[in-house]
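Each chain gets a letter, A, B and so on, in the order the sequences are listed, and its residues count up from 1.
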There are 2 protein chains.
Amino acid sequence: MCKTNTRLTKQRKLILEELERVKDHPTAYEVYERVRGRLPQISLGTVYRNLDILSANGIIKRLDIGQGQRRFDITTDDHKHIRCIFCNRIDDIPLNTYHQLTTIIGIVGDVTGYRGIGCSMDFHGICPECQKQGNRIHSSPEQKPDSGYMNNAKNKEE
Amino acid sequence: MCKTNTRLTKQRKLILEELERVKDHPTAYEVYERVRGRLPQISLGTVYRNLDILSANGIIKRLDIGQGQRRFDITTDDHKHIRCIFCNRIDDIPLNTYHQLTTIIGIVGDVTGYRGIGCSMDFHGICPECQKQGNRIHSSPEQKPDSGYMNNAKNKEE
DNA sequence: CTCTAATTAGTAATAGTTCCTATTAATGAT
DNA sequence: ATCATTAATAGGAACTATTACTAATTAGAG
């Protein structure tokens, strides 16, 4: 399924099946709850690990939208997302990219029925500094960025 | 400064000063470290609380980009952000919205020097369901979305 | 100057995710 | 089919980032 030496375990298969069955964008915990209905002893760590592996292999998509819980999405066709600022639900938007940005918000409102729409458009890529360093990946990108938080920061001083 | 009955404390003043001084998009902890240099007894909780109050009042901007730590931004003019997938730094993009989306990624590359650019464009607004319910805010939007996680989820069953 | 509610420091608690370890099981080789 | 190898697992501890709690302090109105 993924790269060689990636085994198709019963757990992994069920996680994929539940992701395919579901229409919305479940959190890791929601996937866990669904799979647990069919395989009670599955652990949350297993779900997290598999969701990471599946998204690293491009089979599913990891959504890091807003704060709080990460969500996962099995559809592979190109689309964007809209989130309700009250209930935090996430819907799909099949977006034609041949429009001007200024008209897109109007289209999104028509298609989704959302109101009071704002847009946070964020880009990601490899910065000039990292290009200089020969693009060496120290840890898995998108997975373990340098956080510089608390203990880490304190340890720098030693 | 903010609404009436919002006091300008020494801590709040220093937090704003350090945000103004800094060019990049510091995390709460980075702000804490800077302010601590001038007011050693300040606590991290105070920094978090003030960053929340300042962003709720529109004085600064909260960036929920990717996963991991939230960042804060004092500049008020309209711009978007680009994040390095390796080192997780965030840069500004002064973006002209009168372009087609498809051409924007090229522009972003030219302006920033980033390569391998991807775009995660996410919209937020009020979903049709929440519009029906008279737009009542149960908890502060963007701050405390319904998470439905773990203990919360378990407690639902009681 | 006094009063009082807003704010604070310090710390505990929480949420979401990752890591660790002994055990189990998927798959290639025999 | 059986074995051997090693990826993957369950369960739980640890970790990161943030929020909540509480008694003490303080900004600022009157």
Side-chain angles (χ1 to χ4, degrees), chain A residues 1-15 26-32 35-36 39-56 62-72 88 139-140 142-155, chain B residues 1-15 26-32 35-36 39-56 62-72 88 139-140 142-155:
Chain A
M1 55 172 297
C2 299
K3 53 176 186 283
T4 48
N5 288 340
T6 303
R7 295 175 182 171
L8 182 56
T9 61
K10 161 165 99 265
Q11 290 84 350
R12 191 164 291 165
K13 195 153 150 270
L14 287 174
I15 288 168
T27 62
Y29 195 81
E30 285 163 2
V31 174
Y32 168 63
V35 174
R36 201 170 40 161
L39 188 71
Q41 81 276 16
I42 197 171
S43 79
L44 183 55
T46 296
V47 173
Y48 268 107
R49 188 170 10 79
N50 275 292
L51 291 172
D52 275 349
I53 290 169
L54 291 169
S55 60
R62 235 173 64 161
L63 310 181
D64 292 323
I65 298 178
Q67 29 104 57
Q69 287 158 288
R70 184 174 293 157
R71 289 171 179 277
F72 296 87
N88 225 30
S139 58
S140 183
E142 307 257 45
Q143 314 264 46
K144 280 185 192 174
D146 185 36
S147 75
Y149 185 72
M150 300 197 148
N151 296 326
N152 312 23
K154 279 174 198 156
N155 293 341
Chain B
M1 56 173 296
C2 301
K3 54 177 187 279
T4 47
N5 288 341
T6 304
R7 295 176 181 169
L8 182 55
T9 61
K10 157 165 103 264
Q11 291 84 348
R12 191 163 293 165
K13 195 151 150 273
L14 286 174
I15 287 167
T27 62
Y29 195 81
E30 284 164 2
V31 173
Y32 168 63
V35 175
R36 202 168 40 160
L39 187 71
Q41 81 276 15
I42 197 170
S43 80
L44 183 54
T46 296
V47 173
Y48 269 105
R49 190 170 10 78
N50 275 291
L51 291 173
D52 274 349
I53 290 170
L54 291 169
S55 58
R62 236 173 65 161
L63 311 181
D64 292 322
I65 298 178
Q67 28 103 56
Q69 289 159 285
R70 184 174 295 159
R71 288 171 179 277
F72 295 88
N88 225 28
S139 58
S140 185
E142 306 259 47
Q143 312 265 49
K144 279 185 193 172
D146 186 37
S147 74
Y149 183 71
M150 300 200 149
N151 295 328
N152 311 24
K154 278 173 200 157
N155 293 341

**Report entry** The single option from B:Gln11, B:Arg12, B:Gln41 passing side-chain contact (heavy atoms from CB on, under 4.5 Å) against B:Thr46
**Finding:** B:Gln11

Query - Non-hydrogen atoms of A:Tyr32 and A:Leu44 that approach each other most closely - result: CE1-N, 3.5 Å

Report task. Nearest 0.5 Å please: distance from the CG atom of A:Leu63 over to the OG1 atom of A:Thr27. Result -> 11.5 Å

Query raised in the report: Closest approach of A:Val47 and A:Ile15, non-hydrogen atoms and distance?
Result: CA-CD1, 3.9 Å

Query raised in the report: Among D:dT9, D:dA8, D:dT18, which is the nearest nucleotide to the side chain of A:Asn50?
Result: D:dT9

Report summary line: One should read off an interatomic distance between B:Ile65 CD1 and B:Arg70 CZ, to the nearest 0.5 angstrom, of 12.0 Å

Report task. Could you tell me the separation between the CG atom of B:Leu44 and the P atom of C:dA9, rounded to a whole number of Å? Result -> 11 Å

Query - Spacing between A:Leu14 atom CG and C:dA26 atom P, to the nearest angstrom - result: 12 Å

Query - Value in whole Å for how far the C1' atom of D:dA17 lies from CG of A:Asp64 - result: 15 Å

Report task. Take the protein atom NZ of B:Lys10 and the nucleotide atom P of C:dA6, then report the distance between them rounded to whole Å. Result -> 19 Å

Query - From D:dA10, D:dA27, C:dT17, nucleotide with atom closest to A:Tyr48 side chain - result: C:dT17

Query raised in the report: Out of curiosity, A:Phe72 CZ to A:Tyr48 OH, how far, rounded to the nearest 0.5 Å?
Result: 7.5 Å

Requested in this report: Please state how far atom CD1 in B:Ile65 lies from atom P in D:dA17, giving the value in whole angstrom units.
Outcome: 16 Å

Report task. Select one nucleotide: of D:dA17, C:dT7, C:dG16, the one nearest the side-chain heavy atoms of B:Gln69. Result -> D:dA17

**Report entry** d(NZ, A:Lys13; P, C:dA25) in whole Å
**Finding:** 16 Å

Query raised in the report: For C:dA9, does either OP1 or OP2 sit under 4.0 Å from a side-chain N or O belonging to B:Gln11?
Result: yes

Query raised in the report: Which nucleotide in the list C:dA9, C:dT17, D:dG28 gets nearest to the side chain of B:Gln41?
Result: C:dA9

Query raised in the report: According to a strict under-4.0 Å criterion, is A:Arg12 in side-chain N/O contact with OP1 or OP2 of D:dA8?
Result: yes

Query - N/O (side chain, A:Arg36) to phosphate O (OP1/OP2, D:dG11) under 4.0 Å - result: no

Query - Spacing of A:Ile53 atom CD1 relative to C:dC19 atom C1', expressed in whole Å - result: 14 Å

Query raised in the report: Closer to the 5' end of DNA chain C via nearest nucleotide, is it A:Arg49 or A:Ala28?
Result: A:Ala28

Requested in this report: Send over the distance from A:Arg62 CZ to C:dT17 C1', rounded to a whole Å.
Outcome: 10 Å

Report task. For the helix from C:dC1-D:dG30 to C:dT30-D:dA1, figure out the bend between the end axes, five pairs an end, and round to 10 degrees. Result -> 40°

Requested in this report: Look at the side-chain N and O atoms of B:Thr9 and state whether any lies under 4.0 Å from the OP1 or OP2 oxygen of C:dA6.
Outcome: no

Query raised in the report: Side-chain N or O of B:Thr46 less than 4.0 angstrom from OP1 or OP2 on C:dA9?
Result: yes

Report summary line: Separation between CD (A:Glu30) and CZ (A:Arg71), nearest 0.5 Å, reads 5.5 Å

Query raised in the report: Going by modelled atom types, is there a donor-acceptor pair between the base of D:dT6 and the side chain of A:Arg7 at under 3.5 Å?
Result: yes

**Report entry** Residue pair A:Arg49 / A:Ile53, side-chain heavy-atom distance below 4.5 Å
**Finding:** yes

